[in-house]
Participant: 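Below is one structure. I have some questions about it.
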Protein chains: 2
Amino acid sequence: MTNKPPTQRSIGRPGLTRARVLACAVELADRDGLEALTMRRLGEELGVEAMSIYGHVANKDDLLNRMVDAVFAEIDLPPTSAPWRDALRHRSVSFREVLRRHPWAVALKGSGTNPGPATLRHHDRVLGTLLTGGFSLELTAHAISALDSYIYGFALQEKTLPFTTEHETAAMAETMLAQLATTEYPYLVKFTATHVLRPGYSYGNEFLFGLDIVLDGLERAREELHSTDK
Amino acid sequence: MTNKPPTQRSIGRPGLTRARVLACAVELADRDGLEALTMRRLGEELGVEAMSIYGHVANKDDLLNRMVDAVFAEIDLPPTSAPWRDALRHRSVSFREVLRRHPWAVALKGSGTNPGPATLRHHDRVLGTLLTGGFSLELTAHAISALDSYIYGFALQEKTLPFTTEHETAAMAETMLAQLATTEYPYLVKFTATHVLRPGYSYGNEFLFGLDIVLDGLERAREELHSTDK
DNA sequence: ACCTGAACACCGTTCAAGT
DNA sequence: ACCTGAACACCGTTCAAGT
C-alpha cells in the first residue's frame, strides 16, 4: 500500500477499463448498428450498470468521438518507403476496408467531432506524403479534399445498399424492376435489367476505378506543377 | 355536399397538408439540425398536436424518406440539350449546392431509404445522359459511382467543418495550432499555419477541382472505349 | 367518424441516497 | 470514497377515451 495516487484505471468496477468500454461499443455498433448503441445496452453488454460507463467516458458524445478515433487507428498509414501514389493508394484501400467494417463511422464523421490523436496522426502522415512527394501547399489541399471526399462518399453509398452478396443484389433488382414504371424510368429499367442483374455484378468492385481516376488526376496536376517550374 | 369520397387532404386539421408538413420539417432541419426534428417539436411548429402528423405520414421514417425525396426534387436535372460533360457538370454543381442547403440529407442518405419518385427520376436522367453520351453500360456504372461518391463525400466533409466564413476558419485554425503538439504533428502544423491561415482560404473552393478531375477521367475512359472500337 | 391526450417503453443524464 | 438506482426531461408510437 504505497501512497500511489488514484489512477484512471481505479475508477469504475475492476476489470472495466476505458479500452474495454471502447472495444465493446465498437463491436456492438458493428453488429447491431449505431441505433442499438445505447448507454443502457452497452452497460448490459459489459455486465455493468449504465452509469458505471460514465467513469470512463464523459458522456455519450465523448464515447462516439473516441470510437471514431479508434476506427482511424485501424487504417494503415501511407508507407514512407513508397512513392506518393503507391503510398496513398495503399492507405486509401485500407481506409475503405476499415469503413466497410465499421459503417457507422461514416455517419459519425458527419457530426462535428473534434479529432483524436489517431485521427491527427493519420492526417499528418497523409499531408507529409504529399508535401514531400512534390505537391505544393495548394495542390496538397486539393488532393486531400478530392481523395477523402471520394473515399467517404463511396463508403456512404456502399453502406446504403441493402444487399451484400450477388444473390441478394439480383433478388433486390428483380423486385425493383417489378415495381418500376417502365415508361417513366426507361434508363433505370434498362440499366437494372441488363447491367445490375448481370452475373458477377458487385458494387464494391467500383471502388478502384474511381480511386485511380482521382490519383491519375492528381499525378497530372503534380506533373504540370513541375513542368512550369522549369 | 356531393358523395365525394374522403381524400388524403380531408384527414387531419384543415390547412394541414402533407406538403405543409414536409416543407415545415425541411425548414426545421435546415434551421436547427436533424436532432431538433422530433414529432412533438414539428407539431408545435405546425400549430398542431404531434399525433396529427400521423394523418399525413406513416411514421417518422416515412417522413424522413419523403424529406430526402423533396431534396432530390430541388436538384437541377442534367439538361438534355448539352453534351454529357456539361450536362453532368451542371447537375453536379447543383447537387452540391442543394446538399449544402440541406446538410442533414447527407446523413439521411446513409440510412437505407427506399427512393421516392424525384430520386428515381433524377437517377434515370443521369443514366440517360451517360448512356446516350457514348458510355457503355459498364462505364456508366463506373461513372455514376465515381461522380456521386465524390459529391456525397465532399458534402459530408463540408458539413463537418465547424466554420463557414473565412474569419471563423482563421479563428479555428489559431486555436487548433495552439493545442497541437508541434513536434508530434509537424506537417499538420505547417499546413495549418501556412495554408489554412492564408487570407482567402475557403474549403468550399475545393469542390470544382475534384469534380473536374473526375469528369476528365471519365472523358478519357470514354474516348478509350471508342478508339478501341475502330 | 374523427381527433387527441394519456400512457408505454424507451432515451441520456443528474443526483441523492446508499454502502 | 465510491457506486448505483431512482428520477427527470425527453423520445416515437399505441390506443382507448373523448367529441
Side-chain angles (χ1 to χ4, degrees), chain A residues 1-18 20-22 24-26 28-29 31-68 104 107-108 111-113, chain B residues 1-18 20-22 24-26 28-29 31-68 104 107-108 111-113:
Chain A
M1 294 293 163
T2 63
N3 60 346
K4 190 168 59 169
T7 63
Q8 276 283 19
R9 296 176 57 99
S10 72
I11 302 174
R13 113 187 307 217
L16 188 65
T17 61
R18 181 185 284 167
R20 206 158 83 79
V21 169
L22 279 181
C24 192
V26 166
L28 181 55
R31 191 172 3 107
D32 297 337
L34 208 52
E35 74 283 354
L37 179 67
T38 68
M39 299 303 272
R40 284 168 170 91
R41 174 79 190 280
L42 179 57
E44 200 179 308
E45 213 87 6
L46 286 161
V48 137
E49 291 300 311
M51 285 313 300
S52 306
I53 300 168
Y54 287 82
H56 303 86
V57 135
N59 49 36
K60 192 174 183 183
D61 239 44
D62 184 36
L63 171 67
L64 296 177
N65 269 321
R66 291 178 192 276
M67 286 170 70
V68 170
W104 45 268
L108 248 42
S111 44
T113 63
Chain B
M1 294 291 166
T2 63
N3 59 347
K4 192 168 56 170
T7 64
Q8 277 280 21
R9 298 174 57 100
S10 72
I11 301 174
R13 112 183 310 217
L16 188 64
T17 61
R18 179 185 287 165
R20 205 158 84 77
V21 169
L22 279 180
C24 193
V26 166
L28 181 55
R31 191 173 1 108
D32 297 337
L34 209 52
E35 74 283 353
L37 179 68
T38 67
M39 298 303 271
R40 284 168 168 92
R41 174 80 190 279
L42 179 57
E44 199 179 307
E45 212 88 5
L46 286 160
V48 138
E49 291 300 311
M51 285 313 299
S52 307
I53 300 168
Y54 287 82
H56 302 87
V57 137
N59 49 37
K60 192 174 183 183
D61 239 44
D62 184 36
L63 172 68
L64 296 177
N65 269 321
R66 290 178 193 277
M67 286 170 70
V68 170
W104 44 268
L108 248 41
S111 43
T113 63

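Quick note on labels: first sequence line is chain A, next is B, and so on, each numbered from 1.
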Participant: Over how many whole Å does the gap from Met51(A) atom CE to dC15(C) atom P extend?
Facilitator: 11 Å
Participant: Would you mind reading off the distance between Glu44(B) atom CD and dC10(D) atom P, rounded to a whole angstrom?
Facilitator: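 Rounded to the whole Å, the gap is 11 Å.
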Participant: Here's a test of your reading of the structure: between Ala50(A) and Glu49(B), which maps to the more 5' nucleotide of DNA chain C?
Facilitator: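 The residue mapped nearer the 5' terminus is Glu49(B).
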Participant: Could you pull out the protein-nucleic contacts involving nucleotides 16-19 of chain D (nitrogen or oxygen on both sides, under 3.5 Å)?
Facilitator:
none

Participant: Identify the nucleotide, in any strand shown, that forms a Watson-Crick or G-U wobble pair with dG12(C), with both distances under 3.5 Å; if there is none, say none.
Facilitator: dC8(D)
Participant: Can you check whether Glu49(B) reaches Arg40(B) side chain to side chain, under 4.5 Å on heavy atoms?
Facilitator: no
Participant: Determine whether Leu22(B) and Thr17(B) make a side-chain contact, defined as any pair of heavy atoms from C-beta on separated by less than 4.5 Å.
Facilitator: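 Leu22(B) vs Thr17(B): side chains apart.
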Participant: Under 3.5 Å, side chain of His56(A) to main-chain N/O of Leu16(A), donor-acceptor pair present?
Facilitator: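 Such a contact is found between His56(A) side chain and Leu16(A) backbone.
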Participant: Let me confirm one number: the CG-NZ distance from Asn65(B) to Lys60(B), rounded to the nearest 0.5 Å.
Facilitator: 13.0 Å
Participant: Just so I know, are the side chains of Val48(B) and Leu42(B) near enough to count as touching, which here means a heavy-atom distance under 4.5 Å?
Facilitator: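 SC-SC contact between Val48(B) and Leu42(B) ruled out.
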Participant: Rounded to the nearest angstrom, tell me the gap between atom OH in Tyr54(A) and atom P in dG5(D).
Facilitator: 16 Å
Participant: When rounded to the nearest 0.5 angstrom, what is the spacing between CG in Leu37(A) and CG in Asp32(A)?
Facilitator: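 Here the interatomic distance stands at 10.0 Å.
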Participant: What integer distance in Å separates Ile53(B):CD1 from dG5(C):P?
Facilitator: 14 Å
Participant: Write down the partner of dC2(D) under the Watson-Crick or G-U wobble criteria, each distance required to be under 3.5 Å.
Facilitator: dG18(C)
Participant: Would you say that Met39(A) contacts Leu63(A) through its side chain, given a criterion of any heavy-atom pair below 4.5 Å between the two side chains?
Facilitator: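 Side-chain contact under 4.5 Å: yes.
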Participant: CG of Asn59(A) versus P of dT14(C): gap in Å, rounded?
Facilitator: 8 Å
Participant: Given atom NZ of Lys60(A) and atom P of dC11(C), what is their separation to the nearest angstrom?
Facilitator: 9 Å
Participant: Determine, step by step, whether Glu45(B) and Arg31(B) satisfy the salt bridge (charged side-chain N to carboxylate O under 4.0 Å, His left out) criterion, reporting the C-alpha distance in whole Å, the side-chain angles of both residues, the deciding distance to 0.1 Å, and the verdict.
Facilitator: CA-CA 12 Å; Glu45(B) 212 88 5; Arg31(B) 191 173 1 108; 3.0 Å; yes
Participant: Under 4.0 Å between a Lys/Arg side-chain N and an Asp/Glu carboxylate O for Glu35(A) and Arg41(A)?
Facilitator: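 A salt bridge is absent here (no side-chain N lies under 4.0 Å from a carboxylate O).
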Participant: Within residues 34-43 of chain B, find the residues that approach DNA chain C with a heavy atom at under 4.0 Å, and present them sorted by residue number.
Facilitator: Arg40(B)
